[in-house]
A.B. asks: 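Input: one structure, supplied below.
To find a chain, count down the sequence lines: A is the first, B the second, and so on, and within it residues start at 1.
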Amino acid sequence: MDTTIRPTTPSTTKHLVGNTVASRLFQTPPILWKGDIGEAKAQQELMESYINLAPLNKSLTLIAGADISCNKNSPVIYAGIVVLNAETLEIIERASVITETAFPYIPGYLSFREVPALLQAWQKLTTKPDAVMLDGHGVMHPRKVGVATHFGLAANVATLGCAKKRLIGRFDDPAPAQDSVTELTYQGEMRGYVYRSRAGIKPIFISPGTGMNYEDALSITRQTCAGYRLPEPTRLAHQYVNEIRVAHGEQPPTNNKGSV
DNA sequence: GCGACAG
DNA sequence: ATCTTGTCGC
């Protein structure tokens, strides 16, 4: 038998969630819109090499949801992050920021519009969660760098994407029953799941951002669904940023459901 | 060239 | 994302 005493510290950082290099590289400065998508695409290709899809390396005690709210004809955006107890789903802390975005919405480049603001809210948090759920895709993206992946690399935290619509790939509709799942494939590769969070309701699209694997992303989604189409982290973050928006004096979205 | 296209 | 009217169902 092997009785060798091994060191308690890993000999490689390859599978660690934390990557300070990537964090410093991608959180600042934000790429500004100059009418050319080239620079953003180049950064996505660089970010792709830093993605870590190893299993989540810690127990999930705190889970956060992040989202933004904005007006169609205004550069002002309201970004917010809500930290929840992953077990009870009760709110632990919230942080928000009102700022302006320097990038337009372009399918495939959403993160350059939202991440800078989300990072400001992230820095305000007193309690950092074990993982963050973003309103958008993770690696279920043409270059695997959706908003969840970009934010995870920049903030140095494990992330998953939970989107309401497809961006890429092919998939079969999951069965009508609640909790049904199918895989989405892009260029012959599995990129995530199509998950029926509620019976008979349009499914949501789940994929890891970075710092976790596909199974982690799906199990975290299942664990945080509370009877609504969207999981609590994302659902409450959405509610939160709209509250911030109203408190700032703007008109709430037309679809605004009753508060509280 | 044409259709698709997260928030 | 936001805008937007009515409609179907619990």
A.B. asks: How many whole angstroms separate atom CD1 of A:I37 from atom P of B:dA6?
C.D. replies: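 Whole-Å distance recorded here is 14 Å.
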A.B. asks: Of the options B:dG7, B:dC5, C:dT2, whose atoms approach the side-chain atoms of A:R245 most closely?
C.D. replies: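 The closest nucleotide is C:dT2.
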A.B. asks: Looking only at the side chain of A:K164 (C-beta and beyond, no hydrogens), which of the listed nucleotides C:dT2, B:dA6, C:dA1 gets closest?
C.D. replies: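 Nucleotide nearest to A:K164's side chain: C:dA1.
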A.B. asks: C:dA1, C:dT2, B:dA6: which one has an atom nearest the side-chain heavy atoms of A:Y105?
C.D. replies: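 Of C:dA1, C:dT2, B:dA6, B:dA6 is nearest to the side chain of A:Y105.
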A.B. asks: Measure from NZ on A:K41 to P on B:dC5 and round the result to the nearest Å.
C.D. replies: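 So the NZ-P distance, A:K41 to B:dC5, works out to 19 Å.
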A.B. asks: Using whole Å, report how far CG of A:L167 lies from C1' of B:dA4.
C.D. replies: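 Rounded to the whole Å, the gap is 9 Å.
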A.B. asks: Rounded to the nearest angstrom, tell me the gap between atom CZ in A:F112 and atom P in C:dA1.
C.D. replies: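 From A:F112 CZ to C:dA1 P: 21 Å.
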A.B. asks: Tell me yes or no: between the side chains of A:T182 and A:D172, is some donor less than 3.5 Å from an acceptor?
C.D. replies: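 Distance-only check fails for A:T182 and A:D172.
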A.B. asks: Determine the contact category for A:Y78: base if any of its heavy atoms lies under 4.0 Å from a base atom, sugar-phosphate if only primed atoms, P, OP1 or OP2 are that close, otherwise nothing.
C.D. replies: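 It contacts nothing in the nucleic acid.
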A.B. asks: Mind checking if A:G108 touches a base, just sugar-phosphate, or nothing, with heavy atoms under 4.0 Å?
C.D. replies: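 The residue A:G108 makes base contact.
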A.B. asks: Phosphate oxygens OP1/OP2 of B:dA6: is one of them under 4.0 Å from a side-chain N or O of A:S111?
C.D. replies: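 For A:S111, the contact criterion (side-chain N or O under 4.0 Å from OP1 or OP2 of B:dA6) is not met.
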A.B. asks: Once you round it to whole Å, what is the distance between P of B:dA6 and CG of A:D135?
C.D. replies: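 Nearest whole value for this atom pair: 12 Å.
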A.B. asks: Rounded to the Å, how far apart are A:H141 NE2 and B:dA4 P?
C.D. replies: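 A:H141 atom NE2 is separated from B:dA4 atom P by 20 Å.
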A.B. asks: Under a plain distance cut-off of 3.5 Å, with no hydrogens placed, do A:T126 and A:E93 share a side-chain donor-acceptor pair?
C.D. replies: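 The answer is yes; a qualifying pair exists.
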A.B. asks: Taking atom types as modelled, find out whether A:Q44 and A:R143 have a side-chain donor-acceptor pair closer than 3.5 angstrom.
C.D. replies: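 Judged by distance alone, the side chains do pair up.
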A.B. asks: Measure CD1/A:I204 against C1'/B:dG7 and give the value in whole Å, please.
C.D. replies: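 Value for this atom pair: 16 Å.
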A.B. asks: Under 4.0 Å: is that the gap between some side-chain N or O of A:R166 and OP1 or OP2 of B:dC5?
C.D. replies: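 A:R166 to B:dC5 OP1/OP2: side-chain N or O found under 4.0 Å.
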A.B. asks: Looking at A:F103, I'd like to know if the NZ or CZ of A:R113 sits under 6.0 Å from its six-membered ring centre while staying within 45 degrees of the ring's axis.
C.D. replies: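 A:R113 over A:F103 ring: no.
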A.B. asks: Choose from C:dA1, B:dG7, B:dC5 the nucleotide whose nearest atom is closest to any side-chain atom of A:K72.
C.D. replies: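 Shortest atom-to-atom distance from the side chain points to C:dA1.
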A.B. asks: Mind calculating the distance between CD1 (A:I77) and P (C:dT2) to the nearest angstrom?
C.D. replies: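 Checked: the CD1 to P distance equals 12 Å.
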A.B. asks: Considering only C:dT2, B:dC5, B:dG7, which nucleotide approaches the side chain of A:N242 most closely?
C.D. replies: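 Of the candidates, C:dT2 comes closest.
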A.B. asks: Looking at A:Y193, A:F205, A:Y186, which hits ring pair (Phe, Tyr, Trp, His ring centres under 6.0 Å) with A:F171?
C.D. replies: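 Answer after filtering A:Y193, A:F205, A:Y186: A:F205.
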